[in-house]
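What follows is one structure encoded as structure tokens, with my remarks underneath.
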Amino acid sequence: AHAESVTLAVATNFIVPVREIASAFEAASGHRVRISTGSTGKLYAQIAHGAPFDVFLAADSERPARAEAEGLAVPGSRITYAIGKLVLYSAEPARIDAQASVLRRGDYTRLAIANPDTAPYGLAAVETLRALGLYTAAAPRLIRGDNIAQTYQFVATGNAPLGFVALSQVIDHAEGSRWVVPETLYAPIHQDAVLLARAARNPAAGAFMQFLGSDAARRILIRYGYAPPPSR
Amino acid sequence: MSTLDAHFHGRHGAFSLDAAFSLPMHGVSALFGPSGCGKTTILRSIAGLNRMAGHLRVGDAVWQDAQRAMPAHARAVGYVFQEASLFAHLSVGANLDYAIRRAKAGNAGPTREALVDSLGLAPLLPRMPARLSGGERQRVAIARALLTRPQVLLMDEPLSALDGPARDDILGVLEALPAVSPAPIVYVSHAIDEVARLADTLVVLDAGKVMASGPTNAILTRTDLPLAHGEHAGAVFRGRIAAHHADAHLTEVDSDGGRLLVSAPAAPAGRALRLRIAARDVSIALSRPTDSSIVNHLPATVVDISPDPHPGHRLVRLAVGDTVLLARITEHSRARLALAPGLAVWALIKGVAVR
Amino acid sequence: MSTLDAHFHGRHGAFSLDAAFSLPMHGVSALFGPSGCGKTTILRSIAGLNRMAGHLRVGDAVWQDAQRAMPAHARAVGYVFQEASLFAHLSVGANLDYAIRRAKAGNAGPTREALVDSLGLAPLLPRMPARLSGGERQRVAIARALLTRPQVLLMDEPLSALDGPARDDILGVLEALPAVSPAPIVYVSHAIDEVARLADTLVVLDAGKVMASGPTNAILTRTDLPLAHGEHAGAVFRGRIAAHHADAHLTEVDSDGGRLLVSAPAAPAGRALRLRIAARDVSIALSRPTDSSIVNHLPATVVDISPDPHPGHRLVRLAVGDTVLLARITEHSRARLALAPGLAVWALIKGVAVR
Amino acid sequence: MLEAIALTLKLATLSTLVLLLVGTPLAWWLARSGAVWKEAVAAVVALPLVLPPTVLGFYLLVALGPNSPLGQAATALFGHALPFSFAGLVIGSVIYSLPFVVQPVRNAFEAIGERPLEVAATLGASPWDAFCSVALPLARPGLLTGAVLGFAHTVGEFGVVLMIGGNIPGETRVLSIAIYDYVEALEWDKAHLLAAGMVAFSFVVILVTMLTEKRLRERRA
Amino acid sequence: MLEAIALTLKLATLSTLVLLLVGTPLAWWLARSGAVWKEAVAAVVALPLVLPPTVLGFYLLVALGPNSPLGQAATALFGHALPFSFAGLVIGSVIYSLPFVVQPVRNAFEAIGERPLEVAATLGASPWDAFCSVALPLARPGLLTGAVLGFAHTVGEFGVVLMIGGNIPGETRVLSIAIYDYVEALEWDKAHLLAAGMVAFSFVVILVTMLTEKRLRERRA
Ligand SMILES: Nc1ncnc2c1ncn2[C@@H]1O[C@H](COP(=O)(O)OP(=O)(O)OP(=O)(O)O)[C@@H](O)[C@H]1O
Ligand SMILES: Nc1ncnc2c1ncn2[C@@H]1O[C@H](COP(=O)(O)OP(=O)(O)OP(=O)(O)O)[C@@H](O)[C@H]1O
Ligand SMILES: [Mg+2]
Ligand SMILES: [Mg+2]
């Protein structure tokens, strides 16, 4: 196949892994990839108003589904490309133990989460707190990042002693302390992708959707702290 | 036709204007009147800077009538404003060039070199306007206005922001203007001494109306008008040089009123002069004095005697040859000398100003 | 000590000042000199508005010496600036109140009511400064300066931005000031007629230096100074009313130079007056004229005769009693009358100005 | 939502006040100082403009966070660091909007010139007195322009506030963040409503301010 | 990264030009018109300030998108709708930064007064000639302030650009977005470097502009 180009609209939190996946894809297929990033909501608004994107890699499953329903995407093209893992993180080394007892003790001033209204990791954090029966106690101390990246910034700069962030953000951090939240405490964070309507006949876009499910992509995902999607 | 005919009427807030007048298309015509009488409004109407109703004909061209009014930039006027009006962002030279580039082609007028020369602007050319004195600024403004090659030159109290020496300097420039430029000058002032020095024709305004208009001396010596009653009241008339005595620095001048001895720079016989004699400089004697330092004694006849705003004073009109002089004397003296209309007297003239 | 002693020295760009003078702590003292000679700089130094080196003692208080200089707001001066200086954001009344609230307690001075009354400010009080004429503005500025209860009132050419009637109006106000306020006035001007009308003491400046200082007439009639050579040159001296003739509107005045008949408003005998006689209003005769409208004839002796800037003219100093008058006549007349120092003559005085 | 509206008004009003309190002396100094380096200070004041608000917010977060010297000083003083508090929001807004206040106020002060202040001194007014009784009233048009721009900018301000405020309802969740969240959450109807209300309200505030200023200026002329 | 820098400079320069081209006549009209409703127009110009940039960007997206009448007109004209193109970025930046240009330029025009324009008319300059040869040079300080604020604001502008531009590398991905992305992607070192460079560059640009203006002003006095 001769070289085509594909433009990805990628949720900001996935930007680092997607770069690696894209280079692997370029190497393997010879197609060219361009990456645009933004919050999932912003990207959806842009797609709805004619943005020149071929593939939408959202941070949730809701907005790709809506894109599909509203005819912005190729029907049936939606796949889950990664499953996010939630982690409770602190920049201080011994702050969090394996039982996350700091949460139960309520021994913190502020707890950073992503905005549950707009970010799936935020929703997962709220679900986790509710499952632990700690939400009411935590609610007055919650601070909300616009997205998961901001939430991490709150924690990393020490402005919040604790925060629910994505495992992918802290996977290679030796310092700090963490508690990987058991997947039983929150609904899985499906990050879905769809092939957008304008790319229905773009072979490179289709190829990239294929490549997302490949072993090469899965290896990268795991390295970055995501669970790979169940094999199709 | 070689007149400027204007009739403007309209309102400016509480002020209402209704003024019609006709001016010759040569020499200096002055609009004279107290503050707020509408002088500036009329000048601005001539220049098209405000929208007064009326009509205006300048020579053969109609600049405004009931149907249409030429926009300001299309009217061939030069306008010298009362206060600083040089472009602050341009040097003196560039201010002049601004006018030259937009000059009305076809009209006659002095060249840049001639004006720079006659107004002494050469050392000023590279300077910015903020670095000029008030008098220097007005000289540049006058040169700039002339360089547009105007059909009419409008001047709105160009001296009122100046004092002492700067004022004298510009007055001299203005007196020489008719020799430099063919454009008639409409000169606005409320200073009678300026008007007497400069104007050939006078339009007297009050509260938006024309009170009188005509040749300068006819208006100046009318005791029913306010001009004869100010501190600077006097007569203005023309003379011609008869002889110049270089040793005594004195010039003999023949005028309608007789021969006068005046201080004037050397000039050839026959040259026309303007003579001004202030009412306060004229004394009256019944016989000709012989041993006084007063140089000029003219035989005269008392025309009439009017009251003066100052209660102890009288204003005496004297017929001297074909001309009328004003003399301001005390009622005390009038009574002592028993002056009355028709009496033959001597007019003793202490000072004669010459242009 | 009841003098103001000042010595200021320093540079302002290319201009260098080095002026020492002493002024009485009453009446009007004028700083006189051509444009750029440093008058404003000195006035600002007295007010503390610039930092000239030197020292300044006002009465008993040292305002500046080598060690320290009082800041401007602590100096009890009233300052009337050359041009508009009213606060644009305050009404006339509020401008006055601004000064009252910050007045130096303890000093004497007229009240607000008295000033509003004597300066005719009542109808102006609610107006904003932008709606005042130039003359009205200066009257308010003068009232405001007096309301600070100053120890010295500084006035920097308060008339130069005014014309004609407004100028006369304010001159009248200034002449009456010493009666209204005890503060001595330091008056800056380059107009000799103002100085002659107002000043008791004169400091003549040129290029940053004091050329002469002393009582007004002594300075005005010194022919080695430029003041005697201008258009308005003349003499100034004091007189005292002898009698007033209401019917002829004439007043008999006794002065050092003899008895004069002048036009002046009715006033009781004994009242002191200031008399001004311009050099151009004085003629000289060898015998006393009998039938002329000139009212005042004084016996005089020629003191000396100097050249005048105008080559055909001479300046004659005449001793009239204890006083010196100036007369400007033509060389032609001087020669005709064979005037020389020591000659006894008659001074014919056409006009006497009175304050 | 009412909470967010109240908070926005409180933040904008307070920030405008602080902006005027901080910006006015700064503008005065810039207008009147003879210091050669004052243009450098003027440029520094303008710099928050060139950073994206979120990025500016990020650096403020770092600068004011509990690990920074500033943050530790604040903690010692107030018992907590400034981010995620209303006080922190005010600081962020003030830094971000400062250029819009300083610039017009400085221009207005420069337009006054020396003379009115000299007049005030000769009338016995100390420099501080003259500043209050003469300079401030004469510079009113500039102060008003500054206040309007500062107010409007604070109302619309969002990146800095979001970053340093942490989007805490009732404390740091202002209207602009609320609208933003509705857009993000695809609840566009609500976003439209809020945005329209905000625009209408601001339009009225700005228009009334400008007309009042015009009226006052005409009274003076 | 070089791409982003070049794009930012291009966007800021072009936007500043368009801002001056659009803002100057508007400011002129606001300064000189006698229309009673001009203050309403002035308030409308100031309104983009009160909307969070992203939200403003969202509405621009709606207004210029392919489904809107405006968008369809643009498509008919240029072959594509304006969002997600460089032209769209310029439009967004211009609308967002307009108040910062119009306000100081208007003040500068108002400060000129009637007289110089009347003088120009009596010297034979048509209104357009007088505007170019007199009003513009005399208003230069205001134009410069406007240009600096507009330039700086466009450099730092981010929300509108991100929304309407779509962050497409080489086309709409400007420096501010790049910094934002680095911060979001936790690549803080790169963000620090870029931010520092941007601040330093802007500091120099602003300082040089201000000093030049000061020099020019002193020449004139
Ligand atoms: N724009 C205006 N609006 C309202 N009234 C005006 C306006 N311009 C002038 N006037 C009024 O019109 C009258 C005439 O003004 P004008 O300026 O023509 O007088 P002037 O004779 O030139 O006086 P001056 O000698 O003081 O310059 C004055 O009473 C003035 O108050
Ligand atoms: N701030 C300044 N910087 C440089 N030179 C100055 C400054 N102020 C005044 N000068 C110069 O100092 C000299 C004296 O100025 P000053 O204003 O005291 O003169 P003046 O006697 O009041 O003149 P005028 O009658 O024109 O008002 C002038 O030559 C002037 O150019
Ligand atoms: Mg006038
Ligand atoms: Mg002076």
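Naming: A, B, ... by sequence-line order, numbering from 1 per chain. Just so you know, these numbers come straight off a predicted model, no measurement behind them.
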- Query: What distance separates C:D308 CG from B:S263 OG, expressed to the nearest 0.5 Å?
  - Reply: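 Reported to 0.5 Å precision, the distance equals 9.5 Å.
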- Identify which of B:S287, B:A191, B:G36, B:P34 forms the greatest number of heavy-atom pairs closer than 4.5 Å to chain C.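 The option with the most such pairs is B:S287.
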- Who wins among B:A335, B:S283, B:S35 for the most heavy-atom pairs under 4.5 Å with chain C?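 Top count of heavy-atom pairs under 4.5 Å with chain C: B:S283.
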Contact part of [X] toward chain B, heavy-atom cut-off under 4.5 Å: side chain, backbone, both or neither?
X	answer
C:T290	backbone
C:I284	both
C:H313	side chain
C:L337	side chain
C:V316	neither
C:R334	neither

- For C:L250 and B:H332, work out which heavy atoms get closest and say how close.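 Minimum heavy-atom contact is CD1-CB, 3.1 Å.
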- Message: Testing the basics here: between B:R280 and C:D281, what is the closest heavy-atom pair and its distance to 0.1 Å?
- Response: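 Nearest heavy atoms, B:R280 then C:D281: NH2-OD2, 2.9 Å.
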- Message: Counting only heavy atoms not in C:R271 (residues, nucleotides, ligands), do more than 12 fall under 6.0 Å from its CZ?
- Response: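 Check fails, neighbour count at 12 or below.
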- Message: Checking the side chain of C:R336 only, and the main-chain atoms of B:D291 only, is there a donor and an acceptor separated by less than 3.5 Å?
- Response: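 Judged by distance alone, no pair lies under 3.5 Å.
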- Message: B:S293 and side chain to side chain contact (heavy atoms under 4.5 Å, CB included): which single residue from C:V345, C:I329, C:T330, C:L348 fits?
- Response: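 When C:V345, C:I329, C:T330, C:L348 are each tested with B:S293, the side chain to side chain contact (heavy atoms under 4.5 Å, CB included) holds only for C:I329.
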